[in-house]
Amino acid sequence: MMRGLLRNDFMTMRKVILLYVAILAFYYILMLVQRGTGGNGVEGMQFIVVLFSAMIVIYSFSYGEKSGWLGYVNVLPVTRTQVVVSKYLMTVICMCAAAAGGMAIQAAVNLTAGKDPLDGLFYMGIALMGAAAFMSVVIPLLFWLGSERGRVAVILVFMIPFAVLLLMEKQGIRIPVSTGML
């Protein structure tokens, strides 16, 4: 039954997923062009790719609400636990697919630059952990608040780290992180 829930989510989201893939391909091309003109490496792009791919589950909540899927799924022989686990699995699958693609691009860029193919892949692990932490907060909010009010909560969750860093900067607290590392 879990496979059916996942298949429903991916079939419902196939156009959005293709749009996401096109947008990510466009950004990778821009990054590679910028890199060719003296820009930074691929590592920074990995964070964006993984977090961007994790956002697909947010849209699946919205589509489910608008299509009436939530009412329909309640009469199916699936438990609420299975529905929740399928959303988490969808998130993990999307993040891992984006990470695999990002790692392949990272390895190809490293090979063309004459570096070790595994150089910089550490950042992908950090990106996966960060996105997983973010989604472990977002998905329960979406189940609790619904997709529309949950989006406002997602924006607030995004804003909290930036607000903390801004307050630290205003207080004169410096974090020893270079721009290149970010």
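Computed over heavy atoms, backbone and side chain alike; hydrogens, waters and symmetry mates excluded. Note that the numbering runs from 1 along the sequence shown for the chain.
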Worksheet item: Hey, does the side chain of Q171 reach the backbone of M168 with a donor-acceptor pair shorter than 3.5 angstrom?
Response: no
Worksheet entry | Within one Ile-Leu-Val-Met-Phe-Trp-Tyr cluster: L156 and L51, side-chain cutoff 4.5 Å | no
Practice prompt. Given side chain to side chain contact (heavy atoms under 4.5 Å, CB included), test M129 with M124 step by step and report yes or no.
Written response: CA-CA 9 Å; M129 287 188 299; M124 184 57 74; over 6 Å; no
Worksheet, complete the sentence: Residues at least two apart in sequence or cross-chain that pass ring-ring contact (aromatic ring centres under 6.0 Å, His included) with Y72, listed by chain then number, are W69
Discussion item. Could you report the tightest heavy-atom contact between D9 and S86, atom names first, then the distance?
Written reply: OD2-OG, 4.1 Å
Worksheet, complete the sentence: dist S53:OG -> L24:CG (nearest 0.5 Å) comes out at 7.5 Å
Practice prompt. Hey, could you give me the CG/CG distance between L5 and L76, rounded to the nearest 0.5 Å?
Written response: 7.5 Å
Discussion item. F143: which residues meet the ring-ring contact (aromatic ring centres under 6.0 Å, His included) condition with it, sequence neighbours left out?
Written reply: F61
Worksheet item: Where does the angle between the aromatic ring planes of Y20 and F52 fall among parallel (under 30°), tilted (30 to 60°) and perpendicular (over 60°)?
Response: parallel
Fill in: Single-linkage hydrophobic cluster, 4.5 Å side-chain cutoff, Y88 and F10 together
yes
Practice prompt. May I ask whether F26 and I56 are part of the same hydrophobic cluster, defined by side-chain heavy atoms of I, L, V, M, F, W, Y residues being less than 4.5 angstrom apart, directly or through others?
Written response: yes
Worksheet, complete the sentence: Separation between CZ (R7) and CE (M90), nearest 0.5 Å, reads 14.5 Å
Response to the item:
d(K87 NZ, Q82 CD) to nearest 0.5 Å is 14.0 Å
Practice prompt. Starting at SG of C94, measure out to CD1 of I17 and round the result to the nearest 0.5 Å.
Written response: 5.0 Å
Practice prompt. Please examine the side chains of V49 and Y27, heavy atoms only from C-beta on, and report whether any two atoms are closer than 4.5 Å.
Written response: no
Worksheet item: By side-chain hydrogen bond (donor to acceptor under 3.5 Å, both in side chains), which residues pair with E65, not counting sequence neighbours?
Response: S147
Item to complete: Would you please name every residue forming a side-chain hydrogen bond (donor to acceptor under 3.5 Å, both in side chains) with S62, sequence neighbours left out?
Response: R151
Worksheet item: Looking only at heavy atoms, which two atoms of V50 and A127 are closest? And how far apart?
Response: CG1-O, 3.8 Å
Worksheet item: Is the shortest heavy-atom distance from the side chain of M55 to the side chain of I58 under 4.5 Å?
Response: yes
Practice prompt. With sequence neighbours excluded, tell me which residues meet side-chain contact (heavy atoms from CB on, under 4.5 Å) with V137.
Written response: L141, V157
Discussion item. Quick check on the hydrophobic clustering: are V138 and W144 connected, directly or via other members, by side-chain heavy-atom contacts under 4.5 Å?
Written reply: yes
Practice prompt. For side chain to side chain contact (heavy atoms under 4.5 Å, CB included), just list the numbers for F162 and L166, CA-CA rounded to whole Å, side-chain angles, deciding distance to a tenth of an Å, and then say yes or no.
Written response: CA-CA 6 Å; F162 293 110; L166 183 63; over 6 Å; no
Item to complete: Please check if V85 and V92 belong to a single hydrophobic cluster, counting links between Ile, Leu, Val, Met, Phe, Trp and Tyr side chain heavy atoms closer than 4.5 Å.
Response: no
Fill in: A153 versus L145, closest heavy-atom pair with distance
CB-CD1, 3.8 Å
Practice prompt. Only counting residues at least two apart or in another chain, list the ones meeting ring-ring contact (aromatic ring centres under 6.0 Å, His included) with F134.
Written response: F158
Worksheet item: Is the closest side-chain heavy-atom distance between Y63 and V16 below 4.5 Å?
Response: yes
Item to complete: First locate atom CZ of R149, then atom CG of L142, and finally report the distance between them rounded to the nearest 0.5 Å.
Response: 11.5 Å
Worksheet entry | M11 backbone acceptor or donor facing R14 side chain under 3.5 Å | yes
